[in-house]
There are 2 protein chains.
Amino acid sequence: MPHQPRSAQPGQETPGPETDHTTPLQLSVDRTSPVPLYFQLAQQLEAAIERGRLAPGSLLGNEIELAGRLGLSRPTVRQAIQSLVDKGLLVRRRGVGTQVVHSQVKRPLELSSLYDDLEAAGQRPATRVLRNTVQPATAEVAAALGVPEGAEVRLIERLRYAHDEPMAYLRNHLPIGLFDCDTARLETTGLYRMMRSAGITLHSARQTVGARAATAEEAERLTEPSGAPLLTMERTTFDDTGRAVEFGSHIYRASRYSFEFQLLVRP
Amino acid sequence: MPHQPRSAQPGQETPGPETDHTTPLQLSVDRTSPVPLYFQLAQQLEAAIERGRLAPGSLLGNEIELAGRLGLSRPTVRQAIQSLVDKGLLVRRRGVGTQVVHSQVKRPLELSSLYDDLEAAGQRPATRVLRNTVQPATAEVAAALGVPEGAEVRLIERLRYAHDEPMAYLRNHLPIGLFDCDTARLETTGLYRMMRSAGITLHSARQTVGARAATAEEAERLTEPSGAPLLTMERTTFDDTGRAVEFGSHIYRASRYSFEFQLLVRP
DNA sequence: CAGTGGTCTAGACCACAGC
DNA sequence: CTGTGGTCTAGACCACTGA
(Lines give C-alpha, C1' and ligand atoms only; values in the text may rest on other atoms or scores of the structure.)
Protein backbone atom coordinates (compact mmCIF):
# COMPACT_ATOMS: atom_id res chain seq x y z
CA MET A 1 0.00 0.00 0.00
CA PRO A 2 0.22 3.19 0.22
CA HIS A 3 3.34 3.70 2.14
CA GLN A 4 6.29 4.88 0.19
CA PRO A 5 9.72 5.86 1.22
CA ARG A 6 10.35 9.48 0.37
CA SER A 7 13.41 8.47 -1.51
CA ALA A 8 11.48 6.42 -4.02
CA GLN A 9 11.09 8.33 -7.26
CA PRO A 10 8.15 7.59 -9.53
CA GLY A 11 10.29 6.53 -12.45
CA GLN A 12 9.09 7.24 -15.94
CA GLU A 13 8.05 4.09 -17.64
CA THR A 14 9.92 3.31 -20.80
CA PRO A 15 7.62 2.66 -23.74
CA GLY A 16 7.51 -0.93 -24.91
CA PRO A 17 8.71 -2.16 -28.28
CA GLU A 18 7.02 -0.85 -31.40
CA THR A 19 3.41 -1.94 -31.48
CA ASP A 20 2.37 -4.16 -34.32
CA HIS A 21 -0.85 -2.65 -35.61
CA THR A 22 -1.26 -5.09 -38.47
CA THR A 23 -1.87 -8.50 -36.96
CA PRO A 24 -5.15 -8.65 -35.07
CA LEU A 25 -3.54 -10.15 -31.95
CA GLN A 26 -2.75 -13.74 -31.13
CA LEU A 27 -5.33 -15.16 -28.76
CA SER A 28 -6.14 -18.71 -27.81
CA VAL A 29 -7.63 -20.68 -24.95
CA ASP A 30 -6.80 -24.07 -23.56
CA ARG A 31 -9.95 -26.03 -22.88
CA THR A 32 -8.09 -28.75 -20.99
CA SER A 33 -6.82 -26.26 -18.46
CA PRO A 34 -8.65 -25.95 -15.15
CA VAL A 35 -8.29 -22.18 -15.49
CA PRO A 36 -11.65 -20.69 -16.48
CA LEU A 37 -11.86 -19.71 -20.13
CA TYR A 38 -12.91 -16.14 -19.38
CA PHE A 39 -9.93 -15.84 -17.06
CA GLN A 40 -7.49 -17.14 -19.66
CA LEU A 41 -8.80 -14.62 -22.14
CA ALA A 42 -8.66 -11.80 -19.61
CA GLN A 43 -5.07 -12.65 -18.77
CA GLN A 44 -4.03 -12.65 -22.40
CA LEU A 45 -5.74 -9.36 -23.08
CA GLU A 46 -4.21 -7.82 -19.99
CA ALA A 47 -0.77 -9.03 -20.99
CA ALA A 48 -1.27 -7.64 -24.49
CA ILE A 49 -2.21 -4.26 -23.08
CA GLU A 50 0.66 -4.37 -20.63
CA ARG A 51 3.17 -5.13 -23.37
CA GLY A 52 1.80 -2.45 -25.66
CA ARG A 53 0.53 -4.97 -28.22
CA LEU A 54 -2.80 -3.31 -27.77
CA ALA A 55 -2.23 0.42 -28.07
CA PRO A 56 -4.12 2.83 -25.83
CA GLY A 57 -7.33 3.88 -27.53
CA SER A 58 -7.30 0.99 -29.99
CA LEU A 59 -10.48 -0.95 -30.57
CA LEU A 60 -10.70 -4.53 -29.45
CA GLY A 61 -13.00 -5.82 -32.15
CA ASN A 62 -16.58 -6.66 -31.44
CA GLU A 63 -17.58 -9.31 -28.96
CA ILE A 64 -19.34 -11.60 -31.41
CA GLU A 65 -16.39 -11.76 -33.74
CA LEU A 66 -13.98 -12.25 -30.86
CA ALA A 67 -16.12 -15.08 -29.53
CA GLY A 68 -16.22 -16.75 -32.93
CA ARG A 69 -12.50 -16.43 -33.40
CA LEU A 70 -11.81 -18.12 -30.07
CA GLY A 71 -14.60 -20.65 -30.23
CA LEU A 72 -16.24 -19.18 -27.15
CA SER A 73 -19.73 -17.94 -26.48
CA ARG A 74 -20.37 -14.27 -26.27
CA PRO A 75 -21.19 -14.24 -22.53
CA THR A 76 -17.83 -15.83 -21.82
CA VAL A 77 -16.03 -13.21 -23.85
CA ARG A 78 -18.07 -10.53 -22.14
CA GLN A 79 -17.08 -11.86 -18.74
CA ALA A 80 -13.43 -11.58 -19.68
CA ILE A 81 -13.85 -8.06 -21.02
CA GLN A 82 -15.93 -7.00 -18.02
CA SER A 83 -13.19 -8.05 -15.63
CA LEU A 84 -10.76 -5.79 -17.45
CA VAL A 85 -13.26 -2.96 -17.53
CA ASP A 86 -13.54 -3.33 -13.75
CA LYS A 87 -9.79 -3.11 -13.53
CA GLY A 88 -9.88 0.08 -15.52
CA LEU A 89 -7.96 -1.29 -18.49
CA LEU A 90 -10.78 -1.21 -21.03
CA VAL A 91 -13.69 1.09 -21.77
CA ARG A 92 -16.91 0.00 -23.43
CA ARG A 93 -19.01 2.38 -25.49
CA ARG A 94 -22.29 1.30 -26.91
CA GLY A 95 -22.37 1.70 -30.66
CA VAL A 96 -18.64 2.26 -30.74
CA GLY A 97 -16.83 -0.71 -29.33
CA THR A 98 -14.40 -1.69 -26.62
CA GLN A 99 -11.15 0.20 -26.49
CA VAL A 100 -8.02 0.19 -24.45
CA VAL A 101 -7.96 3.00 -21.97
CA HIS A 102 -5.97 6.09 -22.95
CA SER A 103 -2.64 6.59 -21.27
CA GLN A 104 -0.94 4.08 -19.09
CA VAL A 105 -3.18 3.51 -16.15
CA LYS A 106 -1.08 2.48 -13.26
CA ARG A 107 -2.39 -0.58 -11.52
CA PRO A 108 -4.02 0.08 -8.19
CA LEU A 109 -1.69 -0.30 -5.28
CA GLU A 110 -2.31 -3.24 -3.05
CA LEU A 111 -3.20 -3.27 0.58
CA SER A 112 0.22 -4.40 1.65
CA SER A 113 1.99 -3.94 4.89
CA LEU A 114 4.60 -1.37 5.65
CA TYR A 115 7.03 -4.25 5.96
CA ASP A 116 6.36 -5.42 2.41
CA ASP A 117 6.59 -1.89 1.10
CA LEU A 118 9.96 -1.36 2.65
CA GLU A 119 11.19 -4.71 1.49
CA ALA A 120 10.01 -4.05 -2.06
CA ALA A 121 11.81 -0.73 -1.97
CA GLY A 122 15.01 -2.45 -0.88
CA GLN A 123 14.98 -0.70 2.47
CA ARG A 124 15.93 -3.78 4.50
CA PRO A 125 13.16 -3.50 7.06
CA ALA A 126 13.44 -4.68 10.62
CA THR A 127 10.92 -4.83 13.42
CA ARG A 128 11.27 -4.61 17.16
CA VAL A 129 8.26 -5.85 19.07
CA LEU A 130 7.83 -3.64 22.12
CA ARG A 131 4.70 -5.28 23.39
CA ASN A 132 2.58 -8.32 22.54
CA THR A 133 -0.09 -8.87 25.14
CA VAL A 134 -3.79 -9.43 25.64
CA GLN A 135 -5.87 -6.65 27.13
CA PRO A 136 -9.49 -5.67 27.62
CA ALA A 137 -10.70 -3.52 24.75
CA THR A 138 -11.24 0.16 25.32
CA ALA A 139 -14.40 1.73 23.98
CA GLU A 140 -12.59 3.00 20.89
CA VAL A 141 -10.97 -0.34 20.11
CA ALA A 142 -14.16 -2.26 20.79
CA ALA A 143 -16.07 -0.03 18.39
CA ALA A 144 -13.45 -0.41 15.70
CA LEU A 145 -13.22 -4.18 15.96
CA GLY A 146 -16.89 -4.77 16.60
CA VAL A 147 -16.37 -6.60 19.88
CA PRO A 148 -17.94 -5.86 23.27
CA GLU A 149 -16.21 -3.24 25.33
CA GLY A 150 -13.87 -4.91 27.79
CA ALA A 151 -13.54 -8.07 25.68
CA GLU A 152 -10.01 -9.37 25.43
CA VAL A 153 -8.05 -8.20 22.40
CA ARG A 154 -4.43 -8.55 21.45
CA LEU A 155 -2.27 -5.46 21.61
CA ILE A 156 0.94 -5.26 19.61
CA GLU A 157 3.36 -2.38 19.70
CA ARG A 158 6.22 -2.34 17.24
CA LEU A 159 8.98 -0.11 16.02
CA ARG A 160 9.66 -0.47 12.34
CA TYR A 161 13.16 0.24 11.10
CA ALA A 162 14.65 0.71 7.67
CA HIS A 163 18.38 0.71 7.26
CA ASP A 164 18.64 0.50 11.05
CA GLU A 165 16.81 3.77 11.48
CA PRO A 166 13.38 3.96 13.11
CA MET A 167 10.70 4.81 10.61
CA ALA A 168 7.40 4.23 12.31
CA TYR A 169 5.78 3.36 15.57
CA LEU A 170 2.98 0.86 15.06
CA ARG A 171 0.23 0.06 17.52
CA ASN A 172 -2.23 -2.68 16.58
CA HIS A 173 -5.27 -4.22 18.20
CA LEU A 174 -6.54 -7.57 16.96
CA PRO A 175 -9.36 -9.91 17.88
CA ILE A 176 -7.91 -12.85 19.78
CA GLY A 177 -7.94 -16.34 18.34
CA LEU A 178 -7.92 -15.15 14.77
CA PHE A 179 -4.44 -16.42 14.08
CA ASP A 180 -1.23 -17.24 15.85
CA CYS A 181 0.52 -14.03 16.78
CA ASP A 182 4.02 -15.16 17.52
CA THR A 183 6.43 -12.44 18.57
CA ALA A 184 9.34 -14.06 16.75
CA ARG A 185 7.43 -14.14 13.48
CA LEU A 186 6.27 -10.57 14.00
CA GLU A 187 9.89 -9.53 14.03
CA THR A 188 10.64 -11.11 10.67
CA THR A 189 7.56 -10.40 8.63
CA GLY A 190 4.54 -8.14 8.33
CA LEU A 191 1.18 -8.48 10.02
CA TYR A 192 -0.76 -8.74 6.78
CA ARG A 193 1.47 -11.46 5.49
CA MET A 194 0.83 -13.42 8.68
CA MET A 195 -2.90 -12.94 8.25
CA ARG A 196 -2.89 -14.05 4.65
CA SER A 197 -0.90 -17.16 5.44
CA ALA A 198 -3.46 -17.93 8.14
CA GLY A 199 -6.14 -18.05 5.44
CA ILE A 200 -7.61 -14.63 6.07
CA THR A 201 -8.69 -12.86 2.90
CA LEU A 202 -8.23 -9.14 3.27
CA HIS A 203 -10.93 -7.17 1.56
CA SER A 204 -10.88 -3.51 2.46
CA ALA A 205 -9.57 -1.01 4.94
CA ARG A 206 -10.84 2.28 6.22
CA GLN A 207 -8.14 4.75 7.09
CA THR A 208 -7.76 8.19 8.51
CA VAL A 209 -4.53 10.02 7.82
CA GLY A 210 -3.55 13.18 9.62
CA ALA A 211 -0.55 15.02 10.89
CA ARG A 212 0.59 16.58 14.12
CA ALA A 213 3.70 17.64 15.96
CA ALA A 214 5.63 14.94 17.79
CA THR A 215 5.50 14.83 21.57
CA ALA A 216 8.82 14.64 23.37
CA GLU A 217 8.43 10.90 23.92
CA GLU A 218 7.46 10.21 20.32
CA ALA A 219 10.26 12.34 19.02
CA GLU A 220 12.79 10.45 21.04
CA ARG A 221 11.48 7.09 19.94
CA LEU A 222 11.70 8.06 16.30
CA THR A 223 14.92 10.06 16.64
CA GLU A 224 13.21 13.20 15.44
CA PRO A 225 13.49 16.64 17.00
CA SER A 226 10.71 17.45 19.41
CA GLY A 227 7.78 19.05 17.64
CA ALA A 228 8.72 17.51 14.30
CA PRO A 229 5.75 16.85 12.00
CA LEU A 230 4.47 13.29 12.16
CA LEU A 231 2.08 11.49 9.87
CA THR A 232 -0.62 9.68 11.77
CA MET A 233 -2.71 6.82 10.47
CA GLU A 234 -5.61 4.93 11.92
CA ARG A 235 -6.78 1.92 10.02
CA THR A 236 -9.41 -0.72 10.43
CA THR A 237 -8.99 -3.67 8.11
CA PHE A 238 -11.83 -6.00 7.12
CA ASP A 239 -11.79 -9.48 5.66
CA ASP A 240 -14.07 -10.70 2.90
CA THR A 241 -16.86 -11.51 5.32
CA GLY A 242 -16.93 -7.96 6.60
CA ARG A 243 -15.36 -8.74 9.96
CA ALA A 244 -12.79 -6.32 11.34
CA VAL A 245 -9.52 -8.18 11.66
CA GLU A 246 -7.24 -5.38 12.76
CA PHE A 247 -7.28 -1.88 14.16
CA GLY A 248 -4.06 0.07 13.93
CA SER A 249 -2.99 3.44 15.22
CA HIS A 250 0.37 4.39 13.81
CA ILE A 251 2.76 7.29 13.55
CA TYR A 252 5.37 7.81 10.85
CA ARG A 253 8.24 10.19 10.49
CA ALA A 254 6.95 12.69 7.96
CA SER A 255 10.49 13.46 6.92
CA ARG A 256 10.86 9.90 5.69
CA TYR A 257 7.43 8.77 4.57
CA SER A 258 4.42 9.59 2.58
CA PHE A 259 1.42 7.46 1.74
CA GLU A 260 0.56 6.70 -1.82
CA PHE A 261 -2.73 5.13 -2.75
CA GLN A 262 -5.36 4.89 -5.39
CA LEU A 263 -8.97 5.84 -4.96
CA LEU A 264 -11.61 4.30 -7.17
CA VAL A 265 -14.92 5.92 -7.86
CA ARG A 266 -17.69 3.49 -7.13
CA PRO A 267 -20.39 4.15 -9.71
CA MET B 1 -13.48 11.55 -0.10
CA PRO B 2 -11.17 11.49 1.98
CA HIS B 3 -11.24 14.87 3.51
CA GLN B 4 -12.84 15.17 6.86
CA PRO B 5 -13.01 17.99 9.29
CA ARG B 6 -11.33 17.05 12.51
CA SER B 7 -14.41 17.98 14.36
CA ALA B 8 -16.51 15.34 12.65
CA GLN B 9 -17.04 12.38 14.94
CA PRO B 10 -17.71 8.96 13.42
CA GLY B 11 -21.05 8.55 15.10
CA GLN B 12 -22.19 5.12 16.19
CA GLU B 13 -24.96 3.90 13.96
CA THR B 14 -28.14 3.03 15.74
CA PRO B 15 -29.44 -0.43 14.92
CA GLY B 16 -32.57 -0.48 12.78
CA PRO B 17 -35.96 -1.80 13.86
CA GLU B 18 -36.25 -5.41 14.87
CA THR B 19 -35.53 -7.67 11.92
CA ASP B 20 -38.30 -9.96 10.84
CA HIS B 21 -36.66 -13.35 10.41
CA THR B 22 -39.84 -15.18 9.49
CA THR B 23 -40.95 -13.81 6.12
CA PRO B 24 -38.48 -14.65 3.39
CA LEU B 25 -38.30 -11.07 2.11
CA GLN B 26 -40.54 -9.19 -0.26
CA LEU B 27 -38.99 -8.99 -3.71
CA SER B 28 -40.46 -8.14 -7.07
CA VAL B 29 -39.44 -6.71 -10.40
CA ASP B 30 -41.27 -4.48 -12.83
CA ARG B 31 -40.81 -5.72 -16.37
CA THR B 32 -42.31 -2.59 -17.87
CA SER B 33 -39.65 -0.43 -16.27
CA PRO B 34 -36.68 0.65 -18.36
CA VAL B 35 -34.47 -0.14 -15.36
CA PRO B 36 -32.63 -3.42 -15.99
CA LEU B 37 -34.06 -6.35 -14.06
CA TYR B 38 -30.76 -7.24 -12.44
CA PHE B 39 -30.44 -3.65 -11.28
CA GLN B 40 -33.92 -3.58 -9.78
CA LEU B 41 -33.15 -6.74 -7.86
CA ALA B 42 -29.79 -5.42 -6.70
CA GLN B 43 -31.39 -2.23 -5.46
CA GLN B 44 -34.03 -4.11 -3.51
CA LEU B 45 -31.47 -6.41 -1.94
CA GLU B 46 -29.25 -3.50 -1.06
CA ALA B 47 -32.15 -1.64 0.51
CA ALA B 48 -33.08 -4.75 2.49
CA ILE B 49 -29.55 -5.08 3.80
CA GLU B 50 -29.42 -1.38 4.57
CA ARG B 51 -32.63 -1.49 6.54
CA GLY B 52 -31.63 -4.58 8.45
CA ARG B 53 -34.31 -6.75 6.85
CA LEU B 54 -31.47 -9.02 5.87
CA ALA B 55 -29.41 -9.60 8.96
CA PRO B 56 -25.62 -9.78 8.71
CA GLY B 57 -24.56 -13.36 8.16
CA SER B 58 -27.99 -14.48 7.03
CA LEU B 59 -28.30 -16.64 3.95
CA LEU B 60 -29.94 -15.26 0.86
CA GLY B 61 -31.45 -18.49 -0.45
CA ASN B 62 -30.05 -20.21 -3.48
CA GLU B 63 -29.94 -18.58 -6.85
CA ILE B 64 -32.19 -21.04 -8.66
CA GLU B 65 -34.97 -20.68 -6.12
CA LEU B 66 -34.59 -16.92 -6.10
CA ALA B 67 -34.77 -16.83 -9.87
CA GLY B 68 -37.88 -18.98 -9.85
CA ARG B 69 -39.55 -16.86 -7.23
CA LEU B 70 -38.99 -13.69 -9.24
CA GLY B 71 -39.58 -15.17 -12.64
CA LEU B 72 -36.05 -14.38 -13.72
CA SER B 73 -33.31 -16.51 -15.20
CA ARG B 74 -30.42 -17.55 -13.05
CA PRO B 75 -27.82 -15.44 -14.89
CA THR B 76 -29.90 -12.35 -14.28
CA VAL B 77 -30.13 -13.10 -10.58
CA ARG B 78 -26.42 -13.82 -10.53
CA GLN B 79 -25.70 -10.47 -12.13
CA ALA B 80 -27.63 -8.72 -9.39
CA ILE B 81 -25.89 -10.68 -6.66
CA GLN B 82 -22.49 -10.17 -8.23
CA SER B 83 -22.92 -6.41 -8.22
CA LEU B 84 -23.53 -6.52 -4.48
CA VAL B 85 -20.60 -8.86 -3.95
CA ASP B 86 -18.47 -6.29 -5.76
CA LYS B 87 -19.79 -3.64 -3.42
CA GLY B 88 -18.79 -5.77 -0.48
CA LEU B 89 -22.33 -6.29 0.79
CA LEU B 90 -22.60 -10.01 0.07
CA VAL B 91 -20.25 -12.98 0.25
CA ARG B 92 -20.61 -16.09 -1.85
CA ARG B 93 -19.36 -19.46 -0.64
CA ARG B 94 -19.51 -22.44 -2.87
CA GLY B 95 -21.45 -25.25 -1.27
CA VAL B 96 -22.77 -22.91 1.39
CA GLY B 97 -24.67 -20.09 -0.16
CA THR B 98 -24.73 -16.33 -0.38
CA GLN B 99 -24.79 -14.42 2.86
CA VAL B 100 -24.85 -10.85 3.99
CA VAL B 101 -21.45 -9.74 5.26
CA HIS B 102 -20.91 -9.65 8.97
CA SER B 103 -21.00 -6.28 10.64
CA GLN B 104 -22.20 -3.17 8.98
CA VAL B 105 -19.70 -2.47 6.25
CA LYS B 106 -19.54 1.24 5.77
CA ARG B 107 -20.00 2.23 2.18
CA PRO B 108 -16.85 3.34 0.42
CA LEU B 109 -16.35 7.06 0.49
CA GLU B 110 -16.75 8.83 -2.77
CA LEU B 111 -14.21 10.77 -4.70
CA SER B 112 -15.74 14.07 -3.81
CA SER B 113 -14.22 17.46 -3.59
CA LEU B 114 -13.15 19.21 -0.46
CA TYR B 115 -15.94 21.66 -1.14
CA ASP B 116 -18.55 18.93 -1.07
CA ASP B 117 -17.04 17.42 2.03
CA LEU B 118 -17.19 20.68 3.88
CA GLU B 119 -20.68 21.37 2.69
CA ALA B 120 -21.86 17.92 3.73
CA ALA B 121 -20.32 18.50 7.13
CA GLY B 122 -22.18 21.77 7.47
CA GLN B 123 -18.97 23.76 7.44
CA ARG B 124 -20.26 26.49 5.12
CA PRO B 125 -17.36 26.40 2.67
CA ALA B 126 -16.13 29.38 0.72
CA THR B 127 -13.49 29.73 -1.94
CA ARG B 128 -11.24 32.56 -2.95
CA VAL B 129 -9.63 32.13 -6.34
CA LEU B 130 -6.12 33.55 -6.16
CA ARG B 131 -5.13 32.68 -9.68
CA ASN B 132 -6.77 31.27 -12.81
CA THR B 133 -4.43 31.44 -15.75
CA VAL B 134 -2.91 29.40 -18.57
CA GLN B 135 0.74 28.46 -18.39
CA PRO B 136 3.24 26.16 -20.06
CA ALA B 137 3.46 22.86 -18.21
CA THR B 138 6.51 22.15 -16.12
CA ALA B 139 8.09 18.72 -16.43
CA GLU B 140 6.30 17.49 -13.32
CA VAL B 141 2.90 18.75 -14.41
CA ALA B 142 3.39 17.47 -17.94
CA ALA B 143 4.24 14.00 -16.65
CA ALA B 144 1.24 13.95 -14.35
CA LEU B 145 -1.23 15.11 -16.99
CA GLY B 146 0.31 13.18 -19.85
CA VAL B 147 0.85 16.25 -22.03
CA PRO B 148 4.07 17.40 -23.69
CA GLU B 149 6.33 19.50 -21.56
CA GLY B 150 5.71 23.15 -22.22
CA ALA B 151 2.17 22.56 -23.50
CA GLU B 152 -0.35 25.03 -22.18
CA VAL B 153 -2.26 23.98 -19.08
CA ARG B 154 -4.60 25.82 -16.79
CA LEU B 155 -3.35 26.75 -13.35
CA ILE B 156 -5.78 27.45 -10.55
CA GLU B 157 -4.83 28.54 -7.09
CA ARG B 158 -7.50 28.72 -4.43
CA LEU B 159 -7.90 29.27 -0.74
CA ARG B 160 -10.65 27.17 0.77
CA TYR B 161 -12.42 28.50 3.85
CA ALA B 162 -14.79 26.97 6.34
CA HIS B 163 -16.63 29.19 8.74
CA ASP B 164 -14.61 32.11 7.39
CA GLU B 165 -11.36 30.50 8.42
CA PRO B 166 -8.80 29.31 5.88
CA MET B 167 -8.58 25.54 5.78
CA ALA B 168 -6.53 24.64 2.75
CA TYR B 169 -4.47 26.06 -0.05
CA LEU B 170 -5.27 24.34 -3.32
CA ARG B 171 -3.18 24.39 -6.44
CA ASN B 172 -4.53 22.64 -9.53
CA HIS B 173 -3.29 22.05 -13.03
CA LEU B 174 -5.76 21.01 -15.72
CA PRO B 175 -5.59 20.25 -19.43
CA ILE B 176 -7.04 23.19 -21.34
CA GLY B 177 -10.24 22.90 -23.29
CA LEU B 178 -11.62 20.12 -21.15
CA PHE B 179 -14.36 22.24 -19.69
CA ASP B 180 -15.23 25.82 -18.96
CA CYS B 181 -13.24 26.98 -15.98
CA ASP B 182 -15.02 30.10 -14.93
CA THR B 183 -13.59 31.93 -11.92
CA ALA B 184 -17.01 32.93 -10.65
CA ARG B 185 -18.23 29.34 -10.67
CA LEU B 186 -15.03 28.19 -9.03
CA GLU B 187 -15.86 30.42 -6.11
CA THR B 188 -19.26 28.88 -5.54
CA THR B 189 -18.71 25.21 -6.16
CA GLY B 190 -16.08 22.48 -6.29
CA LEU B 191 -13.87 21.49 -9.18
CA TYR B 192 -15.17 17.93 -9.34
CA ARG B 193 -18.74 19.10 -9.45
CA MET B 194 -17.85 21.35 -12.37
CA MET B 195 -16.20 18.44 -14.14
CA ARG B 196 -19.14 16.11 -13.59
CA SER B 197 -21.61 18.67 -14.88
CA ALA B 198 -19.41 19.03 -17.96
CA GLY B 199 -19.97 15.34 -18.69
CA ILE B 200 -16.65 14.09 -17.40
CA THR B 201 -16.91 10.73 -15.65
CA LEU B 202 -14.38 10.55 -12.88
CA HIS B 203 -12.95 7.09 -12.49
CA SER B 204 -9.97 6.99 -10.18
CA ALA B 205 -7.33 9.10 -8.52
CA ARG B 206 -3.81 8.46 -7.41
CA GLN B 207 -2.76 10.37 -4.35
CA THR B 208 0.25 10.91 -2.21
CA VAL B 209 -0.29 12.22 1.30
CA GLY B 210 2.52 13.49 3.44
CA ALA B 211 3.26 16.03 6.12
CA ARG B 212 5.77 18.77 6.72
CA ALA B 213 6.28 21.94 8.68
CA ALA B 214 4.76 25.12 7.27
CA THR B 215 7.01 27.74 5.75
CA ALA B 216 6.55 31.27 6.96
CA GLU B 217 4.54 32.19 3.88
CA GLU B 218 2.30 29.11 4.10
CA ALA B 219 1.77 29.63 7.80
CA GLU B 220 0.63 33.18 7.24
CA ARG B 221 -1.74 32.21 4.45
CA LEU B 222 -3.37 29.57 6.60
CA THR B 223 -3.20 31.57 9.83
CA GLU B 224 -1.07 28.93 11.49
CA PRO B 225 2.07 29.50 13.52
CA SER B 226 5.27 29.17 11.52
CA GLY B 227 6.52 25.61 11.53
CA ALA B 228 3.06 24.17 12.23
CA PRO B 229 2.48 20.70 10.82
CA LEU B 230 0.73 20.69 7.45
CA LEU B 231 -0.85 17.84 5.58
CA THR B 232 0.22 17.74 1.95
CA MET B 233 -1.60 15.99 -0.84
CA GLU B 234 -0.78 15.46 -4.47
CA ARG B 235 -3.46 13.97 -6.61
CA THR B 236 -3.88 13.03 -10.22
CA THR B 237 -7.45 12.29 -11.21
CA PHE B 238 -8.41 10.17 -14.22
CA ASP B 239 -11.65 9.90 -16.12
CA ASP B 240 -13.15 6.68 -17.36
CA THR B 241 -11.06 6.67 -20.50
CA GLY B 242 -7.86 6.77 -18.49
CA ARG B 243 -7.05 10.38 -19.30
CA ALA B 244 -5.66 12.56 -16.56
CA VAL B 245 -8.11 15.40 -16.01
CA GLU B 246 -6.52 17.14 -13.05
CA PHE B 247 -3.32 17.35 -11.12
CA GLY B 248 -3.49 18.95 -7.72
CA SER B 249 -0.92 19.87 -5.16
CA HIS B 250 -2.55 20.95 -1.93
CA ILE B 251 -1.76 21.77 1.67
CA TYR B 252 -4.14 21.52 4.60
CA ARG B 253 -3.99 22.69 8.17
CA ALA B 254 -3.25 19.51 10.07
CA SER B 255 -4.88 21.00 13.14
CA ARG B 256 -8.17 21.14 11.28
CA TYR B 257 -8.15 18.27 8.83
CA SER B 258 -7.52 14.66 8.33
CA PHE B 259 -8.21 12.48 5.32
CA GLU B 260 -10.49 9.54 5.57
CA PHE B 261 -10.73 7.01 2.82
CA GLN B 262 -11.37 3.42 2.02
CA LEU B 263 -8.94 1.08 0.34
CA LEU B 264 -10.19 -1.92 -1.54
CA VAL B 265 -8.11 -4.97 -2.17
CA ARG B 266 -8.19 -5.79 -5.82
CA PRO B 267 -8.18 -9.57 -6.12
C1' DC C 1 -28.95 2.74 -41.90
C1' DA C 2 -25.61 -0.94 -39.96
C1' DG C 3 -22.82 -2.05 -36.09
C1' DT C 4 -21.96 -1.98 -31.37
C1' DG C 5 -22.57 -3.15 -26.54
C1' DG C 6 -26.58 -3.97 -22.88
C1' DT C 7 -29.70 -7.13 -21.38
C1' DC C 8 -32.01 -11.53 -20.93
C1' DT C 9 -33.27 -16.52 -21.38
C1' DA C 10 -33.26 -21.69 -20.44
C1' DG C 11 -30.92 -24.81 -20.24
C1' DA C 12 -26.08 -27.60 -19.06
C1' DC C 13 -22.05 -29.63 -16.46
C1' DC C 14 -18.60 -29.01 -12.92
C1' DA C 15 -16.18 -28.21 -8.24
C1' DC C 16 -16.59 -27.77 -3.72
C1' DA C 17 -18.85 -27.77 1.16
C1' DG C 18 -21.01 -30.15 4.61
C1' DC C 19 -23.44 -34.15 6.14
C1' DC D 1 -24.64 -38.03 -0.69
C1' DT D 2 -27.18 -33.40 -1.67
C1' DG D 3 -26.98 -28.56 -2.36
C1' DT D 4 -24.48 -24.68 -3.41
C1' DG D 5 -22.12 -21.42 -6.39
C1' DG D 6 -18.77 -21.38 -10.74
C1' DT D 7 -18.64 -21.76 -15.42
C1' DC D 8 -20.38 -22.11 -20.08
C1' DT D 9 -23.48 -22.26 -24.24
C1' DA D 10 -26.42 -20.54 -28.22
C1' DG D 11 -29.37 -18.15 -29.08
C1' DA D 12 -32.63 -13.51 -28.64
C1' DC D 13 -34.14 -8.56 -28.65
C1' DC D 14 -33.14 -3.80 -27.47
C1' DA D 15 -30.72 0.91 -27.18
C1' DC D 16 -27.41 3.59 -28.57
C1' DT D 17 -23.71 5.44 -31.84
C1' DG D 18 -22.16 7.20 -35.96
C1' DA D 19 -22.33 7.51 -40.91
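Below, chain A is the first sequence line, B the second, and so on; all start at residue 1.
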Nearest whole angstrom, please: distance from the [atom2] of [N] to the [atom1] of [X].
X	N	atom1	atom2	answer
A:L60	C:dG3	CG	P	19 Å
A:Q99	D:dG18	CD	P	10 Å
B:E65	D:dT4	CD	P	9 Å
A:L84	C:dG5	CG	P	14 Å

Does D:dT4 have OP1 or OP2 sitting under 4.0 Å from an N or O in the side chain of B:T98?
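Checking D:dT4 against B:T98, no side-chain N or O comes under 4.0 Å of OP1 or OP2.
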
Just to confirm, is there a sub-4.0 Å distance from OP1 or OP2 of C:dT4 to any side-chain nitrogen or oxygen of A:N62?
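Answer is yes, contact under 4.0 Å.
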
Strictly by modelled atom types, are B:D239 and B:T201 linked by a side-chain donor-acceptor pair under 3.5 Å?
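Per modelled atom types, B:D239 and B:T201 side chains form no pair under 3.5 Å.
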
Strictly below 4.0 Å, N to O, side chains only: are A:E187 and A:R158 in salt-bridge contact?
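Not counted as a salt bridge, because no side-chain N and carboxylate O are separated by less than 4.0 Å.
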
Would you say the side chain of A:I81 lies within less than 4.5 Å of the side chain of A:Y38, judging by non-hydrogen atoms?
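Not touching, per the 4.5 Å side-chain cut-off.
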
Would you mind reporting whether B:F259 and B:M233 have side-chain heavy atoms less than 4.5 Å apart?
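A side-chain contact under 4.5 Å exists here.
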
Distance check, rounded to the nearest 0.5 Å: A:L70 atom CG versus A:L27 atom CG?
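Interatomic distance, A:L70 CG to A:L27 CG, rounded to 0.5 Å: 5.5 Å.
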
From the options B:R94, B:R69, B:R92, select the one residue that forms a salt bridge (charged side-chain N to carboxylate O under 4.0 Å, His left out) with B:E63.
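The passing option is B:R92.
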
For nucleotides 6-11 of chain D, just jot down a letter per nucleotide in 5' to 3' order: B, S or -, based on protein non-hydrogen atoms under 4.0 Å.
BBSBB-

